[in-house]
Amino acid sequence: MSLEQIKERVGHIELEAKRQIGSTTLIAVSKLQPDDRVIAVLEQGHLDYGENRVQEAIRKWPRLKANYPDVLIHLLGPLQSNKVRQAMELFDVIHSIDRYSLVKRIARIADDTGHCPKLFIQVNTGEEEQKSGVIPAETNALIKATRALGLPLEGLMCIPPISETPALHFGLLAQLAKRNGLHGLSMGMSGDFESAIRIGATHVRIGTAIFGERSKVTLPHNLEKF
Ligand SMILES: *Cc1c(COP(=O)(O)O)cnc(C)c1O
């Protein structure tokens, strides 16, 4: 599908679900895509892009941002403590907050620099061992702690287990967010974004459906399936 076709599809589902048109942010996931494909989408004026790894994003985006200064870059992959400062410099939104030590570090650096990206807490809704994210039972506590530090928490993010019905996980995430008064819901990828929008996604993260298959490179084991 082209970017145009996906945007049309997103609008159509918003309408069907009686949601406001344009209330879903479409993040074009540009990880492991060749520059020419990314530039083709940039040239269409698209503003939101997602990356999985801090190092790859640092190689790519400062250069591209020079020509497309209005873009917003979203970090979708796990964030190691030693990369927090770099990540906070580059990314406009971080979707993978998953532990208290991380929010403490972010708060300290934000204090230092006077700047903090918007944050989503990643919830491991399937309680899968190999997946990052806080488990549902510990989500309320991490939300409270993040707010207590005065950080700009927007919402929750999840990646459903491959073998289960995504809608169940989207529903659980929506419930956790609502219970905590959070509006943002980062959920839905190429294969399941329609269901996610029906359940209230504010951010869908779409890679292959926009750009085509990614180039194969060796990734750390916890990222291989993406
Ligand atoms: C890679 C990735 C996506 C995009 O996946 P597609 O199936 O290519 O749409 C979305 N979210 C996260 C967290 C990812 O790592």
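Note that ligands are numbered from 1 as they come in the structure, with each ligand's atoms numbered from 1 the same way. Only this structure's heavy atoms are used, side chains among them; waters, hydrogens and symmetry mates stay out. If you're wondering where the values come from, they're calculated on a predicted model, not measured in any experiment.
Among Lys31, Met189, Arg214, Arg205, the residue whose heavy atom sits closest to atom 14 (C) of ligand 1 is Lys31.
Scored by the side chain to side chain contact (heavy atoms under 4.5 Å, CB included) test, Asp111 finds no partners at all (sequence neighbours excluded).
Remark: ligand 1 atoms within the under-4.0 Å shell around heavy atoms of Gly207 are 4 (C), 6 (P), 8 (O), 9 (O). In summary, the atoms of ligand 1 found under 4.0 Å from a heavy atom of Ile206, numbered by their order in the structure, are 9 (O). Close contacts of ligand 1 with Ile159, meaning ligand atoms under 4.0 Å from a residue heavy atom, involve 13 (C).
With hydrogens and angles left out, the side-chain atoms of Glu8 and His12 include no donor and acceptor closer than 3.5 Å.
Heavy-atom minimum distance, Pro117 versus Val93: CB-N, 4.1 Å.
Residue pairs meeting the ring-ring contact (aromatic ring centres under 6.0 Å, His included) criterion with at least one member in residues 146-168: none, sequence neighbours excluded.
Of all the heavy atoms of Thr208, the ones lying under 4.0 Å from any atom of ligand 1 are found in both the backbone and the side chain.
Salt bridge status for Glu194 with Arg9: present, with a side-chain N to carboxylate O gap under 4.0 Å.
For Met157, no nitrogen or oxygen atom sits less than 3.5 Å from a nitrogen or oxygen atom of ligand 1, counting backbone and side chain alike.
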